[in-house]
Protein chains: 4
Amino acid sequence: MAVNPTQTRIRNAAIRLFAKKGFHGVGIRELAQAAKVSPASLYHYIGSKEELLADIMWESLERLLSAAMLATTDVADPREKLGRLVTLHVVAHAVQSKETAVVDNELRSLAPKLRKRVIDKRDAYEQLWAETIEQGAEAGLFRSDHDGLARRALLEMCSGVARWYSTKGEIKLDTLASEFTDIALRSLGTGEAPPQPDMDRCRTIVKYTWGTKV
Amino acid sequence: MAVNPTQTRIRNAAIRLFAKKGFHGVGIRELAQAAKVSPASLYHYIGSKEELLADIMWESLERLLSAAMLATTDVADPREKLGRLVTLHVVAHAVQSKETAVVDNELRSLAPKLRKRVIDKRDAYEQLWAETIEQGAEAGLFRSDHDGLARRALLEMCSGVARWYSTKGEIKLDTLASEFTDIALRSLGTGEAPPQPDMDRCRTIVKYTWGTKV
Amino acid sequence: MAVNPTQTRIRNAAIRLFAKKGFHGVGIRELAQAAKVSPASLYHYIGSKEELLADIMWESLERLLSAAMLATTDVADPREKLGRLVTLHVVAHAVQSKETAVVDNELRSLAPKLRKRVIDKRDAYEQLWAETIEQGAEAGLFRSDHDGLARRALLEMCSGVARWYSTKGEIKLDTLASEFTDIALRSLGTGEAPPQPDMDRCRTIVKYTWGTKV
Amino acid sequence: MAVNPTQTRIRNAAIRLFAKKGFHGVGIRELAQAAKVSPASLYHYIGSKEELLADIMWESLERLLSAAMLATTDVADPREKLGRLVTLHVVAHAVQSKETAVVDNELRSLAPKLRKRVIDKRDAYEQLWAETIEQGAEAGLFRSDHDGLARRALLEMCSGVARWYSTKGEIKLDTLASEFTDIALRSLGTGEAPPQPDMDRCRTIVKYTWGTKV
DNA sequence: AATGAATGAGGATTCATTCAT
DNA sequence: GATGAATGAATCCTCATTCAT
């Protein structure tokens, strides 16, 4: 949404700082300085510090959700669907680690009103996972996960990527994605060797959504 | 170590608030009020807000580390060792979700000097996981994990428990631990059905370390 | 250098209060109130209370030094030079008694970093005295003062003016200056009647430097 | 007055710290620590921080006054009297530089009530100087000093010793005293070479009053 | 005599935000 | 669009002092 270069600078600075120090650990002056704007000018671009946070979070989730929907629509096999969800989630947390870390950590910094909008988005996204797992269970491909334990475990595992993965390290994105997919499918699986998801399709979507090559 | 009731009240209030709002999101007045002490009195018991945080984090890790060492010493089978590590980690994050969440989220709020002490502790703990996985790989029981990808994935998955698990929910601690152990062993395993760890031993250690029945 | 009226008000209030109660005896709220600014607004104009002090001290010494250099450049006779130094020093401590008292008393309130800058200035100024006395000694006009005893004695005597002299009292600035010059020259002298310095020149410089008529 | 060793430790610590950092620059905890007493215990020995200051100041002046009276009683020649006053004052400020610095700088830190007692003492002491100078003037030995200018100048000069003189430096106390006496007598004198005061007598009094050899 | 515990008031400084220019 | 100035409320922390033990 942010087309104005100043808005972009502000948003990027905010993402970086919020991720590094946490919402409450970043002052408006620090943010303004990082965005090369005066503190007063900042308020031409943002409603408030909190709204800025909410916007960042919402948009990050929006991208993830749209990517996930794009990847799973018209896919019949739940294993393929889940594989794609995992791949996109992992890649998102690898290449957009700052945004996703903010999403994962700063919900608590939002007042109820703003929080709801973000939570709704997040729930919509997680619903995709839940449905996929349920479909797999109904199809006898996955173990059932009534209590969501497996879903939770996998989501946390995948989200954790944002905390430790570095694009500059030795592990390639490709490897990362396929390893995680593997773990996910096996932990849900019935023992049979699961198929690998269509990586080409995922690559296209990642490129389209986050502008990054995988 | 905290025997004084006031100290305990302060520590508990700090854990609860830091976990809920983040270190920078909690004011000293709020903390004092929650601990039923005047802001000035607070400083008879703590060196500074930051030291309080560091103490909480260090002690939480210390408990986890000692429990983990207790559980793995003299255990030969790497699968058994890892199963116990997972079980203890998961249980710790379930019954001490506040402390562990603080440990996981607030490292960044510590200035370098205090941070080092905590990081050293954390690294010592994670080293246990690394060694265990390495032993399993050498024994041909686990897939090798040179880059630590699997270790990271599992640790994040297990730590995530603190974020979503509720002791009041439907999932029992028992189930939680065994499910996670299962996932962990299977994601590292070579396909054979892994053994379940000695739950009785783990229960004893948990009881001893955190005073909670599993 | 302070052209902004608010800056001036703050500076003047600080000088008055620091002189009256000492740096540590003045609170930021008290200072703000005296300057008719809110405590928060104060910090638009100063870096910190300590920097404000350092600025005041440095500027006061800067004025004194420039006046002294102006007065002694191209003067050959050491007696004339010393007479002018004494006159300017005494007048400065009489008409700017607050600033100079702060300079004399509050060096200890400055942290090493800020202190150095002020001390360097002060040393540069006292060097003028030392050189002048040395020149006089070499010319056989003054007793030698290897150990700086006489210089110290005279400087303390002259600086003391800030502690007791009142422009509203009976003693006129004229008298004050000539009496001190007299004492100074006689305490350094070899017994011969010393000449009085060029008061007109000194008056001009005083007017120019501190804007006060003598 | 202070015979109790703890009292002495407190008093000495206070003198040292007040001299170094100023009354308001020293906290009660810092003082207690320096005196090796707990902050609470401190209050068994002092009424309040301010009373402690007042006591120190008063006692320092009391010693100086008694020494001065001892030295000038039954001395007829005003030159001799003044010489002794200067000698004692200078020596006091050299060997008791901390106390005297506190006396000179911290009057402002005393509330009116406590201040009066100290000021009265100080005035009594300065009165000795005034009387002596007046006597000398009446006897035609000194220039008259109606406005007290010379007295002020000399007192400030001599008190300044506490600010720069070090007993570990090159200048000996003997030299210091005689130089200052010389300057003082000459600046009051009518040109004739003034006599030197009875140094033996002064030495005895200094030894008796401050326990220091000159 | 000694001291841990306690505190209301205040220390310096920064907070997010507004507004007139 | 941009920003210097402004601020009430809050930041963490220390102050001098008291008191029960």
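Order of the sequence lines fixes the chain letters, A, B, ..., with proteins taken first and strands second; residue numbering starts at 1 for each chain.
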Is any side-chain N or O of Asn4(C) closer than 4.0 Å to OP1 or OP2 of dA5(F)?
-> yes

Protein-nucleotide distance (Leu53(C), atom CG; dG11(E), atom P), rounded to Å | 17 Å

Give, for atom CD1 of Ile15(C) and atom CD1 of Ile10(C), the distance between the pair rounded to the nearest 0.5 Å.
-> 12.0 Å

Ser60(D) vs Gln96(D), side chain to side chain contact (heavy atoms under 4.5 Å, CB included): CA-CA, chis, key distance, verdict | CA-CA 9 Å; Ser60(D) 177; Gln96(D) 305 276 307; 5.8 Å; no

What's the NZ-C1' distance between Lys36(C) and dT7(F), to the nearest Å?
-> 18 Å

Respond yes when some side-chain nitrogen or oxygen of Ser41(B) is under 4.0 Å from OP1 or OP2 of dA6(E), and no when none is.
-> no

Dot-bracket line, read 5' to 3' along DNA chain F, where crossing pairs take [ ] and | marks a partner on another strand, Watson-Crick or G-U under 3.5 Å | .||||||||||||||||||||

Rounded distance (Å) that lies between atom C1' of dA2(E) and atom CD of Gln33(D) | 17 Å

The residue among Asp104(A), Ile119(A), Asn105(A), Val118(A) that forms side chain to side chain contact (heavy atoms under 4.5 Å, CB included) with Met57(A) is Val118(A)

Would you say dA2(F) has OP1 or OP2 under 4.0 Å from some side-chain N or O of Tyr45(A)?
-> yes

So which protein N/O to nucleotides 17-19 of chain F N/O distances come out below 3.5 Å?
unit_1	atom_1	unit_2	atom_2	d
dT17(F)	OP2	Tyr43(D)	OH	2.6
dT17(F)	OP2	Lys49(D)	N	3.1
dT17(F)	O5'	Tyr43(D)	OH	3.3

When rounded to whole Å, the NE2 to P distance for the pair His24(C) and dC15(F) reads 11 Å

Whole Å only: how far is the NE2 atom of His44(C) from the P atom of dT14(E)?
-> 12 Å

Interatomic distance, Glu30(C) CD vs dC15(F) P [rounded to whole Å] | 18 Å

Do you know which of Arg117(A), Arg122(A), Lys116(A) makes side-chain hydrogen bond (donor to acceptor under 3.5 Å, both in side chains) with Asp120(A)?
-> Lys116(A)

Can a salt bridge be assigned to the pair Arg63(B) and Glu99(B) using a cut-off of 4.0 Å between side-chain N and carboxylate O?
-> no

Between Leu42(C) and Phe23(D), which is nearer to the 5' end of DNA chain F once each is assigned its nearest nucleotide?
-> Leu42(C)

Does the side chain of Glu50(C) reach to within under 4.5 Å of the side chain of Phe23(C), using non-hydrogen atoms?
-> yes

Does any non-hydrogen side-chain atom of Ile46(A) lie less than 4.5 Å from one of Glu51(A)?
-> no

Just one of Lys20(C), Arg16(C), Lys49(C), Lys21(C) clears the salt bridge (charged side-chain N to carboxylate O under 4.0 Å, His left out) bar with Glu30(C), so which one?
-> Lys21(C)

Without swapping roles, check the side chain of Thr100(B) against the backbone of Ser97(B) for a donor-acceptor pair under 3.5 Å.
-> yes

